[in-house]
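Contents: one structure, followed by commentary.
Start at 1 with the first residue, then count along the sequence.
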Amino acid sequence: MMKAIEYNINICKEACKLLKNIHDIDNSLIIVTYINSIAKAVRPYIFYLLLGYIIDVLIDENFTDGIFLMICLLIIITVIKAIISFTNNCIERKRQLLYTSYKEKLHCKYMELDYNVAEKQETQEKISRINSLVDMYGGLEELVFVVGKLVEALLSICISSFLVISLIIALARFNGIKPSEKITIILVTLLTIGLYIYVLLKKSKQNISQSKKSFNNHGYNESVLNYFINEIYLNNDMIYDIKLFNMENLTTARFDKFLKDSSKDFEQERMNNIHLYSSIGIADSIYGLSLFILLIRQVYMRVISIGAFTQYYNYFLNLTGMISSFITEWGNLDKLCNRMQEYISFMETNNETDHENDYIIEKMHEIQFHNVSYKYPETDKYALKNINCTFKTGNNIAVVGKNGAGKSTLIKLLCGLYEPTTGYITIDGINTKSIKESGRMLFGTVFQECATFPFTIAENISCETNYDKDRVESCLEKVGLKEKIMSFPKKLDTALLSLESEGIGFSGGERQKLVIARSMYRNNYCYVLDEPASALDVLSENELYEAFTKLTNDKLGILVSHRMSGCTLCDQIVVINDGEIQQIGQHNELLKTCDLYQDLWNAQAKYYIS
């Protein structure tokens with residue numbers, strides 16, 4: 001018993017946490033929901049009360065009072081219906097906005113996380129799971145509906161209980177019935193209600209237990225199905241491979257398997273609901289018949305009038321109906337809180353390091369790594385070990401090495417996306433942990449997997465709505481895209497991707513040039529190009545390197561590339577092997593003294609030198 005009480009108290013606590021989230025997003029939604037629930041709860045009782053009086057006065061042939069009561073009933077019910085209709089429309093609109101805001105809060109929380117936390121597999125899986133469960137069952141907006149039903153049911157139960165108790169007291173005081181018969185009537189009434197509630201509680205508990213077992217699989221299966229649809233069937237790159245390698249049967253077989261697994265879960269839940277509502281239906285029928293016989297007998301014995309019979313019969317039915325509704329919605333609240341634990345847990349996720357963020361860097365002269373090591377979360381192997389190096393403004397630096405040597409990890413540490421596991425990094429002698437987030441604006445970084453957004457070309461480059469048109473055009477000219485883009489009807493206002501019917505798409509190399517132009521627009525003090533030529537042809541690569549050397553003339557330029565030709569343009573070359581700096585030097589020097597650099601250079605040079 002105590003465990004059950006404690007369990008339900010915990011449900012209340014979890015629901016309050018979720019309601020607080022709703023209040024933070026829209027503080028009027030809960031109030032409107034309460035008004036709607038109160039109006040729905042009192043409407044049937046006012047109707048039955050006045051209807052009972054109308055029947056009695058009409059039986060007594062008091063037509064004037066009957067007409068007056070009917071007019072009052074019509075006016076009151078019309079007003080209550082208007083309130084319910086208005087609040088229903090308001091709640092529906094607010095629930096739609098709540099769903100959007102809820103998704104936005106998830107996104108904002110994700111953006112607050114440090115990069116090394118955000119990219120964890122655990123974090124990625126949690127986000128996917130939350131979205132899948134919400135899309136299937138609803139999230140915070142569903143809580144509004146459930147809470148509204150609970151408030152309506154609870155208020156209705158209170159009103160019904162008061163009226164039913166008043167009838168029992170009236171029967172106890174009536175002198176026309178023997179004491180033994182009074183006790184029998186009261187006990188039968190209470191026993192009937194008790195049995196009905198027992199059946200509801202037992203079947204609802206079984207339904208909730210079965211639902212909890214199956215809903216965990218729903219989120220996983222739904223995320224898999226969404227992956228198949230969005231990332232395989234609707235992905236052009238995937239379709240090419242599927243057709244070329246005749247993989248239609250394999251992909252269809254895998255999809256069908258997950259679809260069948262998902263269908264089994266839904267079928268099990270459907271059968272659980274059928275059993276629940278069948279049991280409730282049978283209990284309703286038995287209870288309604290027993291109640292009808294009991295009250296008709298009181299009418300026959302003139303304990304109550306026909307109008308009172310109408311009132312009390314509906315009061316009793318409404319009492320058990322609302323008890324049924326309350327138990328059902330409490331079960332729904334339990335299930336909703338259970339599946340929203342992922343959301344609460346994610347929103348309480350903290351970064352692994354505290355940021356003091358005291359200093360603002362407006363200009364940069366030197367970046368220095370002080371015995372920096374880094375290992376990815378949940379791994380024991382260090383991606384970088386004991387890195388000590390200095391990068392100074394006015395130099396172009398190349399970072400080279402084999403795949404997996406740690407080049408991209410070094411760049412992400414440099415840009416502040418990762419925090420060192422041990423050691424520290426300074427900019428002009430200031431620890432990067434103490435530099436405000438705006439310090440990242442010092443870096444213009446272009447990663448291999450470049451991202452463009454469904455905005456206009458100008459917005460993609462400037463990253464703002466109010467942009468400098470001349471500067472945007474200048475950046476496009478430097479990367480060789482100005483002529484093509486200015487030939488479009490909307491020029492810089494041309495939308496990318498497919499959110500608009502006139503939106504366009506670029507090739508991989510053109511997207512990379514756009515991202516490079518974005519980096520140029522901010523006039524950074526350090527430009528970092530991580531595999532920038534991976535999607536470019538030889539001529540475009542040459543144009544890029546020429547633009548890079550001009551861009552970084554009086555700034556710091558860092559180039560990470562598998563294509564060794566770019567190294568000849570750099571003042572220094574950092575050779576990384578197995579997470580450690582093997583050697584730092586210039587091209588001609590490294591060709592003589594560094595075996596790894598020689599191997600990397602000769603592996604490509606032999607195809608061009610006869």
Side-chain angles (χ1 to χ4, degrees), residues 115 361 363-370 372 374 383-384 387-403 405-418 420 423-428 432 435 439-450 478-479 512-513 515-534 536 541 544-577 579-587 589-590 594 597 600:
Y115 191 78
I361 298 291
K363 199 169 183 179
M364 181 172 64
H365 300 91
E366 180 183 270
I367 301 174
Q368 193 167 3
F369 282 68
H370 302 264
V372 171
Y374 181 80
L384 289 175
I387 301 297
N388 290 281
C389 59
T390 302
F391 302 138
K392 293 188 177 182
T393 301
N395 291 325
N396 285 336
I397 311 293
V399 180
V400 299
K402 297 178 182 179
N403 283 338
K407 302 186 298 296
S408 292
T409 304
L410 178 74
I411 296 306
K412 288 172 182 175
L413 284 164
L414 175 75
C415 298
L417 295 176
Y418 291 162
Y424 60 98
I425 303 169
T426 59
I427 298 177
D428 294 344
T432 52
I435 298 173
R440 290 179 185 169
M441 297 293 287
L442 298 169
F443 298 90
T445 308
V446 180
F447 291 108
Q448 181 177 358
E449 296 181 3
C450 50
K478 289 177 182 177
V479 296
Q512 204 153 29
K513 288 182 179 181
V515 177
I516 293 170
R518 177 192 300 161
S519 177
M520 293 177 176
Y521 182 87
R522 290 200 310 199
N523 194 26
N524 305 102
Y525 287 96
C526 176
Y527 290 91
V528 183
L529 275 63
D530 188 0
E531 298 293 350
S534 59
L536 302 181
E541 179 186 3
L544 170 66
Y545 289 150
E546 288 181 358
F548 178 66
T549 53
K550 292 177 183 177
L551 183 67
T552 59
N553 188 33
D554 57 345
K555 299 176 182 181
L556 174 60
I558 299 176
L559 175 67
V560 180
S561 180
H562 284 100
R563 297 190 182 182
M564 303 297 292
S565 57
C567 296
T568 59
L569 304 173
C570 295
D571 304 299
Q572 272 189 326
I573 302 166
V574 179
V575 183
I576 296 182
N577 185 35
E580 297 181 277
I581 293 180
Q582 184 163 328
Q583 196 167 335
I584 299 176
Q586 295 181 333
H587 172 68
E589 175 190 349
L590 292 174
C594 182
Y597 186 79
L600 293 171

**Asked** Any donor-acceptor pair under 3.5 Å linking the side chain of K407 with the backbone of G401?
**Response** yes

**Complete:** Of all heavy-atom pairs linking V528 and I411, the shortest is CG1-CG2, 3.4 Å

**Prompt:** Do I425 and L414 touch side chain to side chain, with heavy atoms closer than 4.5 Å?
**Reply:** no

**Item:** Minimum heavy-atom distance C594-V575, with the two atoms named
**Value:** SG-CG1, 4.1 Å

**Closest non-hydrogen atom pair, L559 against C570** = CD2-SG, 4.3 Å

**Request:** Report yes if the side chains of N388 and I581 come closer than 4.5 Å at any heavy-atom pair, otherwise no.
**Result:** no

**Prompt:** If you take all heavy atoms of E580 and I387, which pair is closest and at what distance?
**Reply:** CA-CD1, 4.2 Å

**Nearest-0.5 Å distance that lies between atom NE2 in H370 and atom OG1 in T426** = 3.0 Å

**Message:** Distance check, rounded to the nearest 0.5 Å: Q368 atom CD versus D428 atom CG?
**Reply:** 10.5 Å

**Prompt:** Does a side-chain heavy-atom distance below 4.5 Å link V574 with C389?
**Reply:** no

**Asked** So how far is it from E589 CD to I584 CD1, rounded to the nearest 0.5 Å?
**Response** 10.5 Å

**Message:** Quick check for you: to the nearest 0.5 Å, what is the distance between L384 atom CG and K412 atom NZ?
**Reply:** 11.5 Å

**Message:** Looking at every heavy atom in both P420 and V372, which two are closest together, and how far apart are they?
**Reply:** CB-CG1, 3.8 Å

**Residues that N395 engages under side-chain contact (heavy atoms from CB on, under 4.5 Å), provided they are two or more places apart** = K392, I397, D571

**Asked** When rounded to the nearest 0.5 angstrom, what is the spacing between CD1 in I367 and SG in C526?
**Response** 4.5 Å

**Message:** Tell me the closest heavy-atom pair linking T393 and K555, and the distance in Å.
**Reply:** CG2-CA, 3.5 Å

**Message:** In terms of relative ring orientation, are Y374 and Y418 parallel, tilted or perpendicular, with 30° and 60° separating the classes?
**Reply:** parallel

